[in-house]
There are 2 protein chains.
Amino acid sequence: MAATLNIPIDRSSPVPLYHQVVQGIEGMIRNGALEPGSKLENEIELAAQLNLSRPTMRKAMDELVRSGLLVRKRGVGTQVVASQVRRHLELSSLFDDLARGGKKPTTRVLSFRHGPAEAEVADTLQLPAGVGVYHFTRLRAVDSKPLALMENWVRDDIAELTEGGLREHGMYQILRDAGVNFRLANQRIGAAVADERQAELLEVARGSALVTMERTAVDDAGRRVETGRHVYRADSYSFEMTLVQR
Amino acid sequence: MAATLNIPIDRSSPVPLYHQVVQGIEGMIRNGALEPGSKLENEIELAAQLNLSRPTMRKAMDELVRSGLLVRKRGVGTQVVASQVRRHLELSSLFDDLARGGKKPTTRVLSFRHGPAEAEVADTLQLPAGVGVYHFTRLRAVDSKPLALMENWVRDDIAELTEGGLREHGMYQILRDAGVNFRLANQRIGAAVADERQAELLEVARGSALVTMERTAVDDAGRRVETGRHVYRADSYSFEMTLVQR
DNA sequence: CGGAGAGTTTTGTCCTGACATATGGTCACT
DNA sequence: AGTGACCATATGTCAGGACAAAACTCTCCG
């Protein structure tokens, strides 16, 4: 039995129609109205039900297929894959992640410098001549349990950073508020063992396992805005993601 | 100066037109014909140059934007972001990755069992009653240097696995040859320190850092085919990826 | 009774056309 | 000289139609 959709479409909303459909189907999957494995009506029929054109319907389903919620097979139909799809790794900060999870992250700024960049950093960020960097290290804790030790370099010609601001807000939020639109980031995840200093700050034994992450973020103008090296307590943090075959 | 495209389009090819464009632009970026930061002609003009419709051109550019090679800004235009974009984390096996990189991976099968599943595995794989699993551990090495220790569970009602087959081929290749089409995988990356046994097998000191990965893969019929726990030597392996803001 | 072929269904690709909207620059007015 | 309104430009969204290709089903023939 093929499932039909019951999604309110508001044509006067600024939200694109195809995105309303995406949200609608996502909602139906999460609340169980569409069970994993169930088959959807065909695209033409669904489009007709919602009074949309097929390309619009298809664009919505494209997104859902890409995010891994639906599976299409030519000549057969479209199926719900799983209700338990973790969101793809996002281009967001640890601070935002924690805050969304209802936690109250606190930040201690361990060091804060502003000046010319070392050669390696200037190279990584592809800094133009004369542009300096903010260089700072932070310790992030949740419920007074230390979680991450973060070292970052941010070019100084885009936004003004202050030690106080970093204590109160996530770095990404500050940069976004300053008009930076992040577009992509290159990221590398690995592992290391805690040295003396890391162990003390993160309140773990020396030699404990740490998750390491290096990231360089690029904004919509193609500028490399930020690069950083983070280490996380392995007993409290890991990276989850859903990979989708294309 | 806006760049124009010079891409051969073969309308009789079975490769979709939009994909030919994707490959063409990708090629021009990689070989330097399109420099990072350079601006492309507008969509309508590019479509006209290649004798394509705008939707087709747009679909091609959509893919490139999603993969992080291009950046679009409404009212402004489309720019090349970077030549150095790592491929997105793929749904493939370590074996394939290494083989593509020109390496010769070798596999030692440490244990191989076939029988009913433990409750936890049956739950993770959502096994129907009566379906058993293959359970095996493998040690993968490159140039006789051990790299990864892998423990996997595969449901036994889809393909027949043998110890000899696993020695010769990657697990994913065997399953694909058996007609399994993987669609998505949930994956978690973390860190740990090597215990006595891991240290010995991977030829590192006890207490060395290891990258851990747990993965469960789902095929196009929605079946959870495989789950596994892998550990990698942190000094030779890390996960690289490009995140794209949507 | 079994297998090959035809037909149906459904997604995949591609086209033309239209209007909306954000951005950046220009020009006139203050 | 500064500022606001206007306009050109380019991407964003949406419609409707057409044909291709894959996968399943059913029928017919051996």
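In the text below, chain A, chain B and the rest are named by the order of the sequence lines, each starting its count at 1.
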| query | Taking NZ from A:Lys59 and P from C:dG12, how many angstroms apart are they, rounded to a whole number? | reply | 16 Å

Table of protein N/O atoms under 3.5 Å from nucleotides 4-10 of chain D N/O atoms:
unit_1	atom_1	unit_2	atom_2	d
D:dA10	OP2	B:Asn42	ND2	3.2

| Among B:Thr216, B:Thr124, B:Asn152, side-chain hydrogen bond (donor to acceptor under 3.5 Å, both in side chains) partner for B:Thr227 | B:Thr216

| remark: Rounded to whole Å, CG of B:Leu52 lies from C1' of C:dG17 at a distance of 17 Å

| request: Describe, in one word, how the ring planes of B:Phe112 and B:Tyr134 are oriented to each other, choosing from parallel (under 30°), tilted (30 to 60°) and perpendicular (over 60°). | output: tilted

| remark: From CE of A:Met57 across to P of D:dG16 the rounded distance in Å is 15 Å

| Under 4.0 angstrom, heavy atoms only, what part of the nucleic acid is B:Ser53 near: base, sugar-phosphate, or nothing? | base

| Distance in angstrom units between A:Gln79 CD and D:dC24 C1', rounded | 14 Å

| request: Please state how far atom CG in B:Asn181 lies from atom P in D:dA22, giving the value in whole angstrom units. | output: 14 Å

| request: Verify the contact: side-chain N or O of B:Arg11 to OP1 or OP2 of C:dC15, cut-off strictly under 4.0 Å; return yes or no. | output: yes

| field | Considering all heavy atoms, the nearest A:Ala60-A:Val22 contact | value | O-CG2, 3.5 Å

| remark: Taken to the nearest whole Å, CG/B:Leu50 to P/C:dC15 is 11 Å

| task | State plainly whether the residues B:Glu43 and B:Arg72 are in salt-bridge range, i.e. N to O under 4.0 Å. | result | yes

| said: Using whole Å, what does the distance between atom C1' of nucleotide C:dC15 and atom CZ of A:Arg54 come to? | reply: 13 Å

| task | For side-chain contact (heavy atoms from CB on, under 4.5 Å), just list the numbers for B:Glu35 and B:Val80, CA-CA rounded to whole Å, side-chain angles, deciding distance to a tenth of an Å, and then say yes or no. | result | CA-CA 7 Å; B:Glu35 289 177 20; B:Val80 178; over 6 Å; no

| task | Enumerate the residues from residues 14-24 of chain A whose closest heavy atom to DNA chain D is under 4.0 Å, giving them by residue number; use none for an empty result. | result | A:Pro16, A:Leu17, A:Tyr18

| C:dT23 C1' sits how many Å from B:Arg72 CZ, rounded? | 16 Å

| query | Does some side-chain heavy atom of B:Val21 sit less than 4.5 Å from a side-chain heavy atom of B:Met57? | reply | yes

| task | Determine: side-chain N/O of B:Thr56 to OP1/OP2 of C:dC15, distance under 4.0 Å, yes or no. | result | yes

